[in-house]
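Just below is one structure, and these are the notes that go with it.
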Amino acid sequence: MEFSTATNGETTCTENGFRLHSSYNPSKEAERFCNTVDCSFHPRYVLVTEPALSYCVPFLKKKFSNAILCCIRFSKEFESTNSSWDKIFYAYGKSQKTNPLLEEEIFNFMGDEGISACLFLSWKPSENPFKELYEFSWEEIKKTVLKSRSVLATRTFFSKRWAKNALRFSMFCKNTALIKNGTSDIVVCASGLSLKSDIPFLKKYRKRFFLIAVSSSLSPLIFNGITPDLCISTDGGYWAKLHLVPLCNSKKIPLALPGEASCFASILENTEIIPIFYGDGCSEEILKASGYSGHSAFRNGSVSGTAAYFSLSITSGKIFYCGLDLSFSKGFSHTQPNELEKRNSIFDNRTHTSETRNFSSEINTVSINIYKNWFSSNDFFGRIFRLSDNFKYNSELGKIKDVDWTFFEKQTFDFKSKTKPQIIETQNIFNKEQRINFLRDIVIRNISNPEWIKNALPAETIALERCKNLCEKEKIEKRIQEGMKKFFCDIMKALGRNVAI
């Protein structure tokens, strides 16, 4: 990188013979660049790939005064101007290699809604001298946009189901509890194949830790005579609740559950429930209106992801994950027995064997890679470890260290001096009939609530926010109005009543 002084006295530079800024007036060049930007919507974010010495920042701020300005760096040489930006991403990693977590970092910062309202720009002079990083960055941006669209589509598809689940939660849940924080270590069990080899050690050291089972690991733990202190489930899909079947016979295991999660009514009525609140969504308003209080948690695409920050929030000790393989393998991908496997195996036959079924799951790695990237891109304050009996994982998880049971034994030698998180029963002040009345009233009252509209129709909400054309806005508003009427008519069915909206 060669720096020099432009004719107007500003700093300019070249890379491999390519000029990154004008040799006469870099600021004027940046102003022309911003003036040529044509944006048909109101951006919430503006992201520029390698803006070099950042001369474009003041002009972008003037043009998009309400937007958060971000850039992707291709080189360390321009870090002296980083303070001009609201957020910096790096396309390179160690030794100038490409950063494999760039997609995840952008998504984590902006979220699905932010990415949909982001204006992506390229500082043209940087494209040729940093060709490899330029192409890599835009490929990562493409992945991020596609992921955002997928998440928004999922939210739209599941919004009715989540709201119905919350209504059913409020109708049937009788016994609730809260957690008093402790200082002991926590073991969180997922259901990857490595969990099988951990079973003897979980039994051996059981008194040393508070045990949380994600829903899919419940069956193998109970089958092997291990009773968790708590089970956690977050999935709103119908089939996900099959993992909770063991709770029908093991009612002494408390269940941490957000309102939007799918659960059997019999479990809600007979199991001690610890409500989880994400801090957003109509599901939580439904629960709070029914008198429930609960624990704050971080929304994540996987129950293991939600369990990570949930565990960190209820103890000052370390968190050890068992069964967090985050990879597919030949044959079963989960430690057996598995409730979904039990159900699916009923339909196996000579022409559609279990091997065929498992192979189709084996090649579907998209969601697994998303979860793996999420774990890899987070630090977790150095308190989370992946624990196994020297299991050979397919990949590492960023800053999460892989440790064995010898390490665990040394780390937990003082377990007697620590206190485990305590589950304390709480009393719901409203009976079922009162809750049903509250639910009916709150649903009718919120048909025009912006937050409920955002949850029910996220894509339409973003389209309205982005739109500049008055005529198009009216069309979107009409679609939202019709969509909300249908949404409320559908979710009211969960109460078993026909209510005119």
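Atoms considered below: every heavy atom in the structure, side chains included; atoms not considered: hydrogens, waters and symmetry mates.
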Side chains of [Y] and [X]: any donor to acceptor distance under 3.5 Å?
| X | Y | value |
| --- | --- | --- |
| Asn300 | Thr306 | no |
| Ser116 | Ser148 | yes |
| Ser191 | Ser216 | yes |

N/O donor to acceptor pairs below 3.5 angstrom from side-chain atoms of residues 315-324, sequence neighbours left out:
from	atom 1	to	atom 2	distance (Å)
Thr315	OG1	Gly182	O	3.3
Thr315	OG1	Ser184	N	3.4
Thr315	OG1	Ser184	O	2.5
Thr315	OG1	Gly317	N	3.1
Lys318	NZ	Gln411	OE1	3.2
Tyr321	OH	Ser304	O	2.5
Tyr321	OH	Ala308	N	3.0

Determine yes or no for a side-chain-to-main-chain donor-acceptor pair under 3.5 angstrom, with [X] supplying the side chain and [Y] the backbone.
| X | Y | result |
| --- | --- | --- |
| Arg435 | Met171 | yes |
| Asp325 | Ser327 | no |
| Ser150 | Leu146 | no |
| Asp404 | Asp389 | no |
| Thr144 | Glu140 | yes |
| Ser159 | Ala456 | yes |

For Phe64, the ring pair (Phe, Tyr, Trp, His ring centres under 6.0 Å) test, sequence neighbours excluded, returns none

For Tyr292, give me all partners under ring pair (Phe, Tyr, Trp, His ring centres under 6.0 Å), at least two apart in sequence or on another chain.
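For Tyr292 the ring pair (Phe, Tyr, Trp, His ring centres under 6.0 Å) partners, ignoring immediate neighbours, are Phe169.
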
**OP:** Take Lys147 and Glu104 through the test salt bridge (charged side-chain N to carboxylate O under 4.0 Å, His left out) and record every step on the way to the result.
**Re:** CA-CA 10 Å; Lys147 180 178 177 180; Glu104 194 70 23; 3.2 Å; yes

What ring-ring contact (aromatic ring centres under 6.0 Å, His included) pairs are there with at least one residue in residues 173-207, not counting sequence neighbours?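 Listed once each, the pairs are Phe201-Trp405, Tyr205-Trp405, Tyr205-Phe408.
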
Quick note, ring-ring contact (aromatic ring centres under 6.0 Å, His included) partners involving residues 452-475, not counting sequence neighbours, are Trp452-Phe488

Are the aromatic ring centres of [X] and [Y] under 6.0 angstrom apart?
| X | Y | answer |
| --- | --- | --- |
| Phe385 | Phe407 | yes |
| Phe391 | Tyr393 | yes |
| Trp374 | Phe380 | yes |

I would like to know whether Lys252 and Glu272 meet salt bridge (charged side-chain N to carboxylate O under 4.0 Å, His left out); could you show each step before the answer? CA-CA 8 Å; Lys252 292 184 179 180; Glu272 205 166 45; over 6 Å; no

For [X], side chain to side chain contact (heavy atoms under 4.5 Å, CB included) partners two or more places apart:
| X | answer |
| --- | --- |
| Ala289 | Ile442 |
| Ser376 | Leu101, Lys372, Leu397 |
| Asn431 | Glu433, Gln434 |

Exercise for the section: Please report the C-alpha distance between Glu260 and Arg299 in whole Å, then the side-chain angles of each, then the deciding distance to 0.1 Å, and finally whether the salt bridge (charged side-chain N to carboxylate O under 4.0 Å, His left out) criterion is met. Expected result: CA-CA 11 Å; Glu260 63 192 41; Arg299 185 191 299 278; 2.7 Å; yes

Residues 158-173 vs salt bridge (Lys or Arg N to Asp or Glu O under 4.0 Å), sequence neighbours excluded, gives Lys160-Asp490

* Summary of salt bridge (Lys or Arg N to Asp or Glu O under 4.0 Å) pairs that have at least one residue in residues 195-210, sequence neighbours excluded ->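 Listed by first then second residue: Arg206-Asp229.
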
Practice task
Begin with the C-alpha distance, continue with both residues' side-chain angles, and end with the deciding distance and a verdict on side chain to side chain contact (heavy atoms under 4.5 Å, CB included) for Leu47 and Ile141.
Solution key: CA-CA 10 Å; Leu47 186 146; Ile141 289 172; 4.0 Å; yes

Item checked: NZ or CZ of Lys420 within 45° of Phe210 ring axis and under 6.0 Å ->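 Because its charged atom misses either the 6.0 Å distance or the 45° angle limit, Lys420 does not stack over Phe210.
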
Residue pairs meeting side-chain hydrogen bond (donor to acceptor under 3.5 Å, both in side chains), one or both in residues 474-484, sequence neighbours left out, come to Glu460-Arg479

For side chain to side chain contact (heavy atoms under 4.5 Å, CB included), just list the numbers for Arg44 and Ile68, CA-CA rounded to whole Å, side-chain angles, deciding distance to a tenth of an Å, and then say yes or no. CA-CA 6 Å; Arg44 194 184 302 177; Ile68 296 171; 5.7 Å; no

Query raised in the report: Could you go step by step and tell me if Ser388 and Ser194 meet the side-chain hydrogen bond (donor to acceptor under 3.5 Å, both in side chains) rule?
Result: CA-CA 7 Å; Ser388 74; Ser194 63; 5.9 Å; no

Which of Ile274, Leu268, Ile232 passes side chain to side chain contact (heavy atoms under 4.5 Å, CB included) with Leu257? Answer is Leu268

With sequence neighbours left out, the residues meeting side chain to side chain donor-acceptor pair (under 3.5 Å) with Lys418 are none

